[in-house]
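Worksheet: the structure to be examined is printed underneath.
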There are 2 protein chains.
Amino acid sequence: MAPRSASKSAVPSDKVGVICRALRRAIIEQALEPGAKLPEDSLGERFGVSRTIARHALGQLAAEGLVELRRNRIAVVATPSWQEARDAFDIRIELERLVVRQLAGKLTKSQVAELNAHVDAEDRARDGSDAVSIRLATEFHILLANMTNSPILVRYVSEVAYRCCLTLSLYSRPHSSECAINEHRAIIAALVKGDEAKVMSLMHSHLDSVASRALVAPAPRRGRDLLDILAPYAEEGDGGRVVKLPKVVRAR
Amino acid sequence: MAPRSASKSAVPSDKVGVICRALRRAIIEQALEPGAKLPEDSLGERFGVSRTIARHALGQLAAEGLVELRRNRIAVVATPSWQEARDAFDIRIELERLVVRQLAGKLTKSQVAELNAHVDAEDRARDGSDAVSIRLATEFHILLANMTNSPILVRYVSEVAYRCCLTLSLYSRPHSSECAINEHRAIIAALVKGDEAKVMSLMHSHLDSVASRALVAPAPRRGRDLLDILAPYAEEGDGGRVVKLPKVVRAR
DNA sequence: ACCCGTCAAACTGCATGCAATTGAGGCGCT
DNA sequence: AGCGCCTCAATTGCATGCAGTTTGACGGGT
């Protein structure tokens, strides 16, 4: 297992990486909604670094499509159009098809165990916040991609998955996680059996059912302070733990 | 024609964008080979900007997989492994399948004209350097992607196409552009006829024929000065023109 | 009451300066 | 001669400072 390889190539030092991961999580858990402002100094202050670093992180996230950068303007969390959302889902289906093709019938015991463990975690999180279960559902797919050992595939699947996640927060009705979890279990089963066609159709209808749960009415909400919102994300743990907060200055 | 939309979201100002585009071109035209060193100050000096900007550009290119960044080390042009190369081609085929699906039978007259014009340009470039024809061949696929009007698809197709290009420079024997051009013409024809299946198989065998032209023997070459190499790339024109060079200091 | 012009605060764009790390060459030792 | 250590130039990591741009708030005019 060498799943950490995906993020290493994109990040110069690692402070940048830390900020990227934190913001990504905050975005996909909808703590930061589409349109939320991300001023460089506030971020830098929050994470205990200078604007230079915050800026660099925003650049990376913009390259991933999670953040929008306009010259001389405050960066904002991306607000994908409905059309872009559909496009992202199309691409995602194609990419996950590739994942399935490589994985069908080739999963090792420990990989199956890992997948099951993840779905169990999803199950356990059903009582918690919607945000966490959405993130876990997304990470299931990324976990699958990781098992292909293809860094490029991992990167692309992660990116579009995050994008789709962002989209759902805009256009979808509240997540009903129950069925997604069952679908995940079915996918694992079919993968183990090596029934490629079955997995394909499962995956397709799974993604489709997620995609089509959509409305066209974006739900507006606004206004908490960035410093407060990001507090739980300042350092990332693997599960959902909140660890250390670097010097919280809380100026101004 | 609105092809500029792809790069806008990823770039804060535009100096960064300029450097990115220049380096991308230098890399895919093999002026900068895999493994070539890219020190921040030399780049900054060459393009008349500070290290800060050069650094930011390198970050973006690293996110695209064209450059490798290691902590406290000089950035180098990426050297994809043979396996990564295969993976990239797999993904590319899948993505271009999407492009074809969206485009088959739906091309407008002016789009067809644009495509033909591009292939004509490829034809004209056959006498010139290999580097240029390789770039043009790659850009044909990007041009197609552009016509889907799906920014996300454009971005991904561009990225993997560039990556594949980089790969070819490592593992492929010298480009024989003749057949590629004919294949491009055939693809246009089938797209116009709306024969989706035909285009698919054409595209598949086209990409496959490119991919399988590969050897496993990387060709070593080394040593020109970065400042000299980048001279023609300092400002990008659309075709192949070399325009203005910002203050060339040529210190040290 | 509403609209528009002006101005100050906020924010980004970019360069530069300083500290920390690397790796390459030189020197001495065996 | 070969091998290892040590020192120093080259280079990155990061913060800060200054200049230009945008925002939005206030006040006067209609």
Side-chain angles (χ1 to χ4, degrees), chain A residues 7-20 22-23 32 35-63 67-78 222-223 225-227 230 246-252, chain B residues 7-20 22-23 35-63 67-77 222-223 225-227 230 246-252:
Chain A
S7 50
K8 88 170 191 318
S9 78
V11 28
S13 85
D14 224 2
K15 292 195 181 179
V16 172
V18 169
I19 299 181
C20 280
L23 286 181
L32 290 171
K37 292 181 185 175
L38 302 169
E40 294 174 359
D41 352 347
S42 310
L43 287 172
E45 202 175 300
R46 179 22 113 194
F47 291 96
V49 299
S50 78
R51 288 194 304 119
T52 310
I53 305 304
R55 178 187 200 59
H56 208 97
L58 287 173
Q60 298 292 317
L61 292 173
V67 158
E68 275 167 25
L69 251 34
R70 281 125 69 218
R71 186 177 176 88
N72 284 323
R73 296 281 234 289
I74 301 181
V76 296
V77 176
R222 192 49 38 79
D225 183 17
L226 187 64
L227 286 173
L230 282 179
K247 41 170 163 165
V248 179
V249 181
R250 191 65 212 245
R252 177 180 347 111
Chain B
S7 50
K8 89 170 192 315
S9 78
V11 26
S13 87
D14 226 4
K15 292 195 182 179
V16 172
V18 169
I19 298 181
C20 280
L23 286 181
K37 291 182 185 177
L38 303 169
E40 294 175 358
D41 0 359
S42 309
L43 288 174
E45 199 175 301
R46 178 24 111 195
F47 291 97
V49 299
S50 78
R51 289 193 304 118
T52 311
I53 305 305
R55 174 188 205 60
H56 208 100
L58 287 173
Q60 298 292 317
L61 292 172
V67 158
E68 275 166 23
L69 251 35
R70 282 124 72 217
R71 184 174 177 90
N72 283 321
R73 295 280 234 293
I74 301 180
V76 296
V77 176
R222 192 49 39 79
D225 184 16
L226 187 65
L227 287 173
L230 282 178
K247 41 170 163 165
V248 179
V249 182
R250 192 64 213 244
R252 176 177 350 111

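In what follows, chains carry the letters A, B, and so on, assigned in the order in which the sequence lines appear, proteins first and then strands, with residues in each chain numbered from 1.
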Once you round it to whole Å, what is the distance between [atom2] of [N] and [atom1] of [X]?
X       : N      : atom1 : atom2 : answer
B:Arg70 : C:dG23 : CZ    : C1'   : 12 Å
A:Asp14 : D:dT12 : CG    : C1'   : 15 Å
A:Asn72 : C:dC14 : CG    : C1'   : 11 Å
A:Lys15 : D:dT12 : NZ    : C1'   : 14 Å
B:His56 : D:dC14 : NE2   : P     : 14 Å
B:Arg71 : D:dT11 : CZ    : P     : 18 Å
A:Leu38 : C:dA10 : CG    : P     : 19 Å

For the side chain of [X], starting at C-beta, report the closest nucleotide among [options].
X       : options                : value
A:Arg55 : D:dA15, C:dG13, D:dT12 : C:dG13
A:Ile74 : C:dA15, C:dG13, C:dC11 : C:dC11
A:Arg51 : D:dA15, D:dT21, D:dC18 : D:dC18
A:Thr52 : D:dG24, D:dG13, D:dA15 : D:dA15
B:Ile53 : C:dC14, C:dT12, D:dA15 : C:dC14
A:Asp41 : C:dT12, C:dT22, D:dA15 : C:dT12

Exercise. Which comes earlier along DNA chain C counting from the 5' end, the contact point of A:Ala75 or that of B:Ser50, where each point is its nearest nucleotide?
Worked result: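 Result of the comparison: A:Ala75.
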For this session: With the side chain counted from C-beta on, respond yes when B:Leu23 and B:Val67 share a heavy-atom pair under 4.5 Å apart, and no when they do not.
Result: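 Answer no - side chains too far apart.
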For this session: For residues B:Val76 and B:Arg70, determine if any side-chain heavy atom of one lies less than 4.5 Å from a side-chain heavy atom of the other.
Result: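 SC-SC contact between B:Val76 and B:Arg70 confirmed.
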Exercise. To the nearest 0.5 Å, how far apart are CG in B:Leu58 and CD1 in B:Ile53?
Worked result: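 B:Leu58 atom CG to B:Ile53 atom CD1 measures 11.5 Å (nearest 0.5 Å).
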For this session: To the nearest 0.5 angstrom, please state how far the CD atom of B:Glu68 sits from the CD1 atom of B:Ile74.
Result: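 So the gap between those two atoms works out to 14.0 Å.
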Exercise. OP1, OP2 of D:dT23 versus side-chain N and O of A:Arg73: anything below 4.0 Å?
Worked result: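 Answer is yes, contact under 4.0 Å.
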